[in-house]
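Step one of this worksheet: look at the structure below.
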Number of protein chains: 2
Amino acid sequence: MIAAHICSGCAVRDRALCASLDDVELDTLNALGQRRRLTRGQTLVWAGEESLVCANLLSGVLKLSAVTPDGREQVVGLLYPADFVGRPWAELADFTVTALGDVELCVFPRKPFERVLEDHVRMERLLLQRTLAALEEARGRMLALARLSAREKLAGFLLDMADRVQGCRATASGPVTFDFPLTRGEMAEVLGLTIETVSRQLSRLKAEGAINLMGARGITIRDRALLEAA
Amino acid sequence: MIAAHICSGCAVRDRALCASLDDVELDTLNALGQRRRLTRGQTLVWAGEESLVCANLLSGVLKLSAVTPDGREQVVGLLYPADFVGRPWAELADFTVTALGDVELCVFPRKPFERVLEDHVRMERLLLQRTLAALEEARGRMLALARLSAREKLAGFLLDMADRVQGCRATASGPVTFDFPLTRGEMAEVLGLTIETVSRQLSRLKAEGAINLMGARGITIRDRALLEAA
DNA sequence: CGAGAAGTTGATGTGAGTCAAAACGAGTGG
DNA sequence: CCACTCGTTTTGACTCACATCAACTTCTCG
């Protein structure tokens, strides 16, 4: 019951892929796994390098990014607690995985993890369902990147963040206040913009009364409807 | 052996998901399936509607597209023969699926198809692997949509098409000639551009000697290296 | 051959990128 | 507690790639 003990305090025990395993099966997986911490800016995987690991994200936020040969960068996905990291059966890593803040992971060597996956149909099915969901999300993001204006991208992004990173709010429908887990530069990478454009659009939304900015990190959504209109 | 007979002549018998099934298993699937043809412009699935079917694409090309509330459209994926269509376990369809030319499909009602998937681990695994590959592709496309110039997008797209739709070529490394399965407008939808920009960039590539255009459809890749440089 | 669709080309406008400088904020040491 | 510094953010002036609007040309197919 050692594994059950290790995992019993796990914040994502019943939300990550592990949710498909019983305590005994969890033992097998745990024999392979290893906790790991990353601090802001540290990279777990480099695009193009050999793909050695898969992982479950326990806490914090990771970014998945792609780079053109000449150095232009684009964040192609954000990973939140309970999300799965890595690509089983791929020899090379597709994208670079970097911590946006302090991060805790449950890391598994890829090959043995593949074997566990192959032996546990329910886990494999859960991964399939999540991958299908991730694919839908990525495709939705394609629409946003290609067809929305900078203003629309920002508004959508702020609403998304507000739902995910729940901060304090006075009343249920009232203004929400929280801290960005991303810098302006990282937001620009996510939205396919430049840092200056992000800053300008935020200033504009502030001037219009839709949001309020406190310092570089703090933000309050003052008028949700106004954001949704964009 | 009826099913084996039906499928024995199938162009994608060993490239589509069916590749994971033996002839007996194929019988089960075939009992559910139904051949269907679409002509250019016909739509198989509408985004937002109930998700009723999955399918294997036998021949032709399909586009997957997303639309903003105000009508801006973006193609978020192209499907080629042997590709899988639809999203199992989703109640609503994510995207609109439309034929770019004449198309043949092997269509299955979604719910029964899910049961087959659940009963055939190897097929489920194959679908997982393909979904992971599709996810990688979609993310790569995000980089292209967000960070490449119109010229770069076109060059990349032409190279991709040349590899996929193999036409006639004089020598192995020499010029390739083939027909677009897409109109200028559809290319614009794929690349996140307007029809005019696509046309202009093609003209420019022609003027530079990288390609040759014959009529609205025909194209010859004259200088592959020049395209790769962009 | 003719009509309608698809594609090309040109003139003009504009949203976002680029370059540059100022303002701000967080952390350090006097 | 304040002065100093480094990194981030904001703001401004300018540029440019692509969109838009519009006219014209070329294909396609009955």
Any Lys/Arg nitrogen of B:Asp102 or B:Arg40 sitting under 4.0 Å from an Asp/Glu carboxylate oxygen of the other?
no
Ionic contact status for B:Glu91 with B:Arg110, cut-off 4.0 Å:
yes
The residue, A:Arg147 or A:Gly215, whose nearest nucleotide of DNA chain D is more 5′ is A:Gly215
For B:Arg184, which residues count as a side chain to side chain donor-acceptor pair (under 3.5 Å) partner, sequence neighbours excluded?
none
For the helix from C:dC1-D:dG30 to C:dG30-D:dC1, what angle lies between the axis at the first five pairs and the axis at the last five pairs, to 10 degrees?
40°
Could you state the CZ-P distance from A:Arg40 to C:dA26, rounded to the nearest angstrom?
14 Å
Under 4.0 Å, heavy atom to any atom of DNA chain D: which of residues 194-201 of chain B qualify?
B:Thr194, B:Glu196, B:Thr197, B:Arg200
note: B:Leu182, atom CG; C:dG7, atom C1'; distance rounded to Å ~ 15 Å
May I ask you to say whether A:Arg130 pairs ionically with A:Glu136, meaning some side-chain N is under 4.0 Å from a carboxylate O?
no
Nearest to the B:Leu213 side chain among C:dG17, D:dC18, C:dT8, which nucleotide is it?
C:dT8
Evaluate the ring pair (Phe, Tyr, Trp, His ring centres under 6.0 Å) criterion for residues A:Phe113 and A:Phe84: first the C-alpha distance (whole Å), next the side-chain angles of each, then the deciding distance (0.1 Å), finally the verdict.
CA-CA 12 Å; A:Phe113 182 80; A:Phe84 178 74; 5.5 Å; yes
Please identify each residue that fulfils ring pair (Phe, Tyr, Trp, His ring centres under 6.0 Å) with B:Phe95, with sequence neighbours left out.
none
Options C:dG7, C:dT9, C:dG17, nucleotide nearest the side-chain atoms of A:Leu193:
C:dG17
Tell me which donor-acceptor pairs under 3.5 Å the side chains of residues 52-63 of chain A have, and how far apart each pair is, sequence neighbours excluded?
unit_1: A:Ser59; atom_1: OG; unit_2: A:Glu104; atom_2: OE1; d: 3.1
unit_1: A:Lys63; atom_1: NZ; unit_2: A:Glu189; atom_2: OE1; d: 3.0

Acceptor/donor pairs from residues 205-216 of chain B side chains to any protein atom, 3.5 angstrom cut, sequence neighbours excluded:
unit_1: B:Glu208; atom_1: OE1; unit_2: B:Arg151; atom_2: NH1; d: 3.0
unit_1: B:Glu208; atom_1: OE1; unit_2: B:Arg151; atom_2: NH2; d: 3.1
unit_1: B:Glu208; atom_1: OE2; unit_2: B:Arg151; atom_2: NH1; d: 3.3
unit_1: B:Glu208; atom_1: OE2; unit_2: B:Arg204; atom_2: NE; d: 3.3

